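Reading through the structure tokens given below for one structure.
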Amino acid sequence: MIPIADSLLTWYADNGRHELPWRQTQDSYALWLAEIMLQQTQVESVKPYYARFLQALPSWEALARAPQDQVLALWSGLGYYARARNAQRAAQKVCADFAGQFPDTREAAETLPGVGRSTAAAVLASAYGHQEAILDANARRVLIRSQAIRSDPKSTRTLQQLWELAEALTPTDAHGYNQAIQDLGAMICTPRHPRCDACPLQHSCKAYAEGLGEQLPLGLRKRTTQARCVFFLQIEDGDGRVFLEKRPDSGIWGGLWCLPQFHPQSGSGQPVPCPAQQDPLADDVVLREQVRHFCAAQYGLAVEVQGLMAMQKHVFTHFQLHFRCIHIGLQEDLQAIKVADRVLSGCWFGSEAALAKGLPTPIRKILRRSS
DNA sequence: CAAGCGTGGCT
DNA sequence: TAGCCAAGCTT
């Protein structure tokens, strides 16, 4: 094992990103919130969300008591929305079970929804000064390179080995060290084309010595970019309000408000796989009749299809969604609305009210364009 | 334990 | 363009 703490801390003092917003506070709530937002998410993306969220919900109590819709609206666009729902549950648990203080042991902290080992360690080190090691993507990459670990980074054994390494290397000043190793991973020891010439660990780095800097970590990701397709139904009433449904907590975009989805091949409206077809969402008389039938059966709405927007694509980690938006008007306005209000989990929103909700990014783009 | 879960930037 | 990647956790 090659020690790196001293070199890292020295480098960090002069080169670290000391100005990051969550490095200006000792409040465990703010530090925890930053860690949750930063999971799988880049610093620049988090900054505006962090400021807005803290401003609106500045304490455990405020978050615990907020309407879920407000929490999701503040998270809207940041992605991985289970984090937002878990964060609120965690705040409620902190208030109920931990007297409004972030727990002071890792074991207790890990009982909070959305808080795993690394997040718990990061908060305990930064908020309370505990000597706790983190192991996020940055730390993992730095350790793998500095020790030239060639085994599969995803395997349980390698992870176990990395955690042991992380704990052994983490000094008393874990707070500073954790920030330092993350900054090195973000600024110098980057996934591709690491800047070894500027690295404070170059003299001791086994990967550098063996010319493996670009090769490690090994076999990172396997990709499957299956394509699915769906229609989004933009149904407007006589007052220009649009109809949105709240999605169930489980699955993609959980808890967010969304336009109704439709596909002729799945009565449920679920997106369907669309292998490289010419035009999987073609507009014709049959489709328009199917849409009318769907709206009647599903929502009790008598509608007329006004037109189809151009095909668009939204890319997720695991698949890409091809979609077209269908503009729809009501035939029998007032009567239809009454039926819908009674039958549905959805609601009608004016343009401004809709945009204030927690919306998936592609839905927000659709509604912004037509507002 | 592998799959699921968002989005934006970079190459 | 299309693939790759980012301060992980849950089921």
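The structure displayed is predicted, hence computed values, not measured ones. Numbered from 1 within each chain, the chains take letters A, B, ... in sequence-line order.
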Worksheet item: Using a distance-only test with no angle check, is there a side-chain donor-acceptor pair under 3.5 angstrom linking A:Glu35 and A:Gln39?
Response: no
Item to complete: Could you pull out all residues at least two apart from A:Asn178 that satisfy side chain to side chain donor-acceptor pair (under 3.5 Å)?
Response: none
Worksheet entry | Pairwise 5' ranking along DNA chain C for A:Val115 and A:Thr41, keeping only the more 5' one | A:Thr41
Practice prompt. Would you list the pairs meeting side chain to side chain donor-acceptor pair (under 3.5 Å) in which at least one residue belongs to residues 94-106 of chain A, sequence neighbours left out?
Written response: A:Arg106-A:Glu110, A:Arg106-A:Glu132
Worksheet entry | Trace of the side-chain hydrogen bond (donor to acceptor under 3.5 Å, both in side chains) decision for A:Glu289 with A:His293 | CA-CA 6 Å; A:Glu289 178 51 35; A:His293 182 263; over 6 Å; no
Worksheet entry | Residues in side chain to side chain donor-acceptor pair (under 3.5 Å) contact with A:Ser76, at least two apart in sequence or another chain | A:Arg364
Practice prompt. Could you tell me which residues satisfy side chain to side chain donor-acceptor pair (under 3.5 Å) with A:Arg89, sequence neighbours excluded, listed by chain and number?
Written response: A:Asn86
Worksheet item: Among residues 60-89 of chain A, which residues get a heavy atom nearer than 4.0 Å to DNA chain B?
Response: A:Gly77, A:Leu78, A:Gly79, A:Tyr80, A:Tyr81
Worksheet item: In residues 361-371 of chain A, what residues come within less than 4.0 Å of DNA chain C, judged by heavy atoms?
Response: none
Worksheet, complete the sentence: The correct set of residues in residues 10-37 of chain A placing a heavy atom under 4.0 Å from DNA chain B is none
Worksheet, complete the sentence: So, with a heavy-atom separation below 4.0 Å from DNA chain B, the residues of residues 166-179 of chain A are none
Item to complete: Kindly point out which of B:dC5, C:dA7, C:dG3 is positioned nearest to the side chain of A:Ile252?
Response: B:dC5
Worksheet entry | Residues forming a ring-ring contact (aromatic ring centres under 6.0 Å, His included) with A:Phe349, sequence neighbours excluded | A:Trp257
Worksheet item: Pairs in or reaching into residues 11-25 of chain A: which pass salt bridge (Lys or Arg N to Asp or Glu O under 4.0 Å), with residues at least two apart or in two chains?
Response: A:Arg17-A:Asp183, A:Arg23-A:Asp183
Worksheet entry | DNA chain C contacts made by residues 132-150 of chain A, counting heavy atoms under 4.0 Å | A:Asp136, A:Ala137, A:Asn138, A:Arg141
Discussion item. From the set C:dG8, C:dG3, C:dA6, return the single nucleotide nearest to any side-chain atom of A:Gln39.
Written reply: C:dG8
Worksheet item: Of all the choices, C:dA7, C:dA2, C:dG8, which nucleotide is nearest to the side chain of A:Gln40 once you look at every atom?
Response: C:dG8
Item to complete: Can you sort out the partners of A:His18 under ring-ring contact (aromatic ring centres under 6.0 Å, His included), two or more places apart, ordered by chain and number?
Response: A:Tyr12
